[in-house]
Amino acid sequence: MITTFLHLCGLLIGTVAILPSTEVLTNANVDEIVRQMTLEEKATLCVGGHISNSVPGAAGYTRPVERLGIPATVLADGPAGLRINPVREGSESTYYCTGFPIGTLLASSWDVNLVSEVTSAIGNEVLEYGVDVLLAPGVNIHRNPLCGRNFEYFSEDPVLSGNMAAAYINGVQSNKVGTSIKHFAGNNQETNRNENDARISTRALREIYLKNFEIAIRKANPWTVMSSYNKINGQYTQQSEDLLTKVLRDDWGYQGIVMTDWGSKAATVDASKAGNDLMEPGNEGEIARIIDAVRSGVLSEEILDRNVRNILNYIVKTPSFRKYQHSDRPDLAGHAEIARRAAGESIVLLRNEESTLPLGTDNKVALYGIGAMDFVAGGTGSGNVNKAYVVNLAEGLRNAGYSLDEDLLSYYESYIAYDKAAQKMKSNGNRPNWGGFASHKYSEIPVEQAAVNVQAANNDAAVIVIGRNAGEGSDRNLVADFELSEVERNLINTVSNTFHKEGKKVIVVLNVGGVIETASWKNLADAIVLPWSPGQEGANAIGDILSGKVNPSGKLPMTFPLAYFDHPSSINFPYDKAGAGDGLMSPVIGRGWQREAQKNVDFSEYEEGIWVGYRYFDTNDKAVSYPFGYGLSYTTFKYSNAIVRATSDGFVASVKVTNTGKVAGKEVVEVYVDAPEGGLEKPSKELKAFAKTALLQPGESETLSFRISRYELSSFNEEANRWECAAGRYSVMFGSNVSDIRASASCNISRTETFAVSDAYISR
């Protein structure tokens, strides 16, 4: 008996002796923790999963390894504010978040300091609600005006987009929480987004569709990057070593983690090899695939260790690792004020004939359009925010001091009440379910001529709201979306003609998420205000603009064409299939479709190359409704003293801006460059820098300075597979918009300089 006992003790002692000593994760022992992890633990860490007692409504998680002190971390949407559930089972408290302006409106500010202030507030809510990473910003290029998620993104130009994204990331991450820049890359349509093959030239990829990501990653170092669903040139981005390793890590030096976009991935192992460290939202099958692949030799444990090491280096930065005691009580009232001010600073004034605006608050206003009551604060899907309230435009104008035609508003309120009751009956008494990521938007309703006659007689001015909503999962329609519906067109015609006969002004407010057609009707309006989807306090900001409390200083981050088919990508986009909701219809990524491939659905030819947006319109002298960078003010500005001085690395430019009007205002200065002739074909103008003045009083001046490097001046030579900054004379233009150059100067770059890159996306 004693002999048996001693024998067992010897076995136990031997077992303990061969086990590695167990440490817990710290900032300084990541490599040791990797060595101590079992294969199963490594695979588990690389696959997301649901975590109990977490943040309800969060989009995803990383799994814990409790044995080694590795906590779970929490990932949540979205770009216009944190997206979590506002109520929780067993709690009487509410967990609302602030609905901030959409990305397109923030980009319209052209103000990186403002964007950082907004996103610092967003990051505070991320921190105080117990989330580690905000799944934002979305930065994909506005290739086509019908993309359903353009509202989340910033611009058609990579310099504006990249700098807005950098400011966004820096603001959020100032709270010691993370961001996830997305969707990397080429996700420029929602139609069949899971399978679509974006066929893009190497030059267009490097100069347009990757450049914005590069700028943001170099300037702000986001904690995470999210790879997109789609393919680029025949290969899924999630399985592309070219994209995720050669470009992202080798060329740009990125050291954070890469996670997949949300979906079930059949090719987990290929994604792991390519550089996707984390599979989201994750399932047990993906863990098994990784384990089996290592055991069979298909996936080397060295690559798995690389991915695990990246994830651990991320985890040690998180609030969850620091055991931060979040309050669940961010300053929502203070953040609402920031949201309102940001919207006001970003709203674009498109038209203002005979100084129609600002409109005195002693005016009585007839407010037309279902959007007066059904105001669109933000987009749908993962870009939505569960906010405590949305100020509608009727409330916003009342708060600004305007008296409104209450009978007209009652007409719209009655229709909305009727529609809600009808939908409730159709849904058997339940709350209507608008389906997945969709959201109900009331269609415009007509107003009889006889009623408009009375309203024109009884009111001092008319405000017409044109409303649009869009979101994740489908693209917009051409008819009655990009273009006005027949009811909307008739409403603008009827109201404008009737009020103008009475000598009264008509203002149109475009409460939209993306570009719409304006050329055919804009001359009917005396003023046009573009607030996009401006967040929960946006209607108050519109009131501030209309009344003159805030002087508009926003500029367009994209071009408004005369017509859809003027756009260079028009026929290579699913304009005739958009809005079908088929962006989410593929349940498993990587399996493809059992049918003949369809153009613009299964593959999209980016035949326009680098000629995206203003690069095409301006170079080809193509008339537009409103040019890139356009926006009016209630004051005027003069540009003078333009100076450009060559440096060893490029040039330094400066220009003096003077407020020559009668009220205080801010001006955005856009710096465009025309490269020397010869060599690569280039656009006539390319944005290379921008800045916004402080609030200038009448007669006050400010000199803005810009430093632009040779690398920033470079174009990509596909044949040589390198960036090239040509020698010669560069014209530097200071513009109020791309078509309104106010001052210019030039400088000489004495020698050609080249910049080597990896062999990603070249024919081999």
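The model shown is predicted, which means the values in this text are computed figures rather than measured ones.
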I'd like to know if the side chain of [X] pairs up with that of [Y] as donor and acceptor (distance under 3.5 Å, no hydrogens or angles considered).
X      : Y      : result
Tyr236 : Glu195 : yes
Thr179 : Gln173 : yes
Glu286 : Thr268 : yes
Asn196 : Ser604 : yes

May I have the step-by-step check of side chain to side chain donor-acceptor pair (under 3.5 Å) for Ser382 and Arg149, ending in yes or no?
CA-CA 10 Å; Ser382 61; Arg149 294 183 84 170; 2.9 Å; yes

Go through Ser161 and Ser155 one step at a time and tell me if the side chain to side chain donor-acceptor pair (under 3.5 Å) criterion holds.
CA-CA 5 Å; Ser161 174; Ser155 176; over 6 Å; no

Determine the sole option in Thr237, Asp242, Asn187 for which the side chain to side chain contact (heavy atoms under 4.5 Å, CB included) test with Ile232 is passed.
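Result: among Thr237, Asp242, Asn187, Thr237 is the only option passing the side chain to side chain contact (heavy atoms under 4.5 Å, CB included) with Ile232.
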
Go through Val624 and Phe560 one step at a time and tell me if the side chain to side chain contact (heavy atoms under 4.5 Å, CB included) criterion holds.
CA-CA 6 Å; Val624 299; Phe560 273 50; over 6 Å; no

Short N-O contact, [X] and [Y], less than 4.0 angstrom:
X      : Y      : result
Asp157 : Lys685 : no
Asp251 : Lys246 : no
Arg615 : Glu156 : no
Arg203 : Glu207 : yes
Glu753 : Arg751 : yes
Asp77  : Arg83  : yes
Arg476 : Asp481 : yes
Glu718 : Arg206 : no
Lys688 : Glu712 : no

Euclidean distance, [Y] [atom2] relative to [X] [atom1], rounded to 0.5 Å:
X      : Y      : atom1 : atom2 : value
Thr260 : Gln239 : OG1   : CD    : 11.0 Å
Asn717 : Leu680 : CG    : CG    : 5.0 Å
Asn600 : Phe573 : CG    : CZ    : 8.5 Å
Ser108 : Phe154 : OG    : CZ    : 11.0 Å
Thr202 : Asn721 : OG1   : CG    : 7.5 Å
Thr559 : Leu562 : OG1   : CG    : 11.0 Å

Using only atom types and a distance under 3.5 Å, with no angle test, would you say the side chain of [X] pairs donor to acceptor with the backbone of [Y]?
X      : Y      : answer
Ser116 : Ala167 : yes
Asn313 : Arg309 : yes
Asp674 : Ser731 : no
Tyr630 : Leu350 : yes
Tyr614 : Leu687 : yes
Thr104 : Asn150 : yes
Asn620 : Tyr616 : yes
Thr119 : Tyr168 : yes
Lys555 : Ser736 : yes
Thr245 : Ala274 : yes

Show the numbers, then the answer: is there a side chain to side chain contact (heavy atoms under 4.5 Å, CB included) between Ser272 and Asn307?
CA-CA 8 Å; Ser272 297; Asn307 297 352; 3.9 Å; yes

Please report the closest heavy-atom contact between [X] and [Y], naming both atoms and the distance.
X      : Y      : result
Val133 : Trp223 : CG2-CE3, 4.4 Å
Tyr209 : Val612 : OH-CG2, 3.5 Å
Tyr761 : Ser240 : OH-OG, 3.3 Å
Ser227 : Leu244 : CB-CD2, 4.2 Å
Ala136 : Pro79  : CB-CA, 3.6 Å
Leu146 : Asp475 : O-CB, 3.5 Å

Any side-chain heavy-atom pair from [X] and [Y] closer than 4.5 angstrom?
X      : Y      : answer
Ile708 : Val671 : yes
Leu713 : Phe651 : yes
Ile749 : Tyr730 : yes
Phe184 : Phe213 : yes

Cation-pi check, Lys622 to Phe617: give yes when NZ or CZ is under 6.0 Å from the six-membered ring centre and within 45° of the ring axis, no otherwise.
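No, Lys622 does not sit over the ring of Phe617.
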
Which one of Glu607, His567, Arg143, Gln189 satisfies the side-chain hydrogen bond (donor to acceptor under 3.5 Å, both in side chains) criterion with Asn572?
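Only one of Glu607, His567, Arg143, Gln189 forms a side-chain hydrogen bond (donor to acceptor under 3.5 Å, both in side chains) with Asn572, namely Glu607.
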
For Arg218, side chain to side chain contact (heavy atoms under 4.5 Å, CB included) partners two or more places apart:
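With sequence neighbours excluded, Arg218 shows a side chain to side chain contact (heavy atoms under 4.5 Å, CB included) to Glu214, Trp252, Tyr711, given in chain and number order.
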
Taking side chain to side chain contact (heavy atoms under 4.5 Å, CB included) as the definition, give me every residue that meets it alongside Ile571, ordered by chain and number, with sequence neighbours left out.
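Partners of Ile571 by the side chain to side chain contact (heavy atoms under 4.5 Å, CB included) criterion, ordered by chain and then number, come out as Phe565.
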
NZ (Lys682) with more than 12 external heavy atoms under 6.0 Å
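Enclosed.
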
For the pair Tyr672 and Phe628, name the ring-plane relationship: parallel under 30°, tilted 30 to 60°, perpendicular over 60°.
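The arrangement is perpendicular - the two ring planes meet at more than 60°.
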
Would you check, one step at a time, whether the test side chain to side chain donor-acceptor pair (under 3.5 Å) holds for Ser569 with Glu608?
CA-CA 6 Å; Ser569 64; Glu608 69 277 7; 4.9 Å; no

Test side chain to side chain donor-acceptor pair (under 3.5 Å) applied to Asn310 and Asp277, step by step:
CA-CA 7 Å; Asn310 289 337; Asp277 305 297; 3.0 Å; yes

Please lay out, stage by stage, how Tyr229 and Trp262 fare under the test side chain to side chain contact (heavy atoms under 4.5 Å, CB included).
CA-CA 8 Å; Tyr229 292 122; Trp262 267 229; 3.8 Å; yes

Hey, do the aromatic rings of Tyr575 and Tyr564 have their centres closer than 6.0 Å?
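Under 6.0 Å, so yes.
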
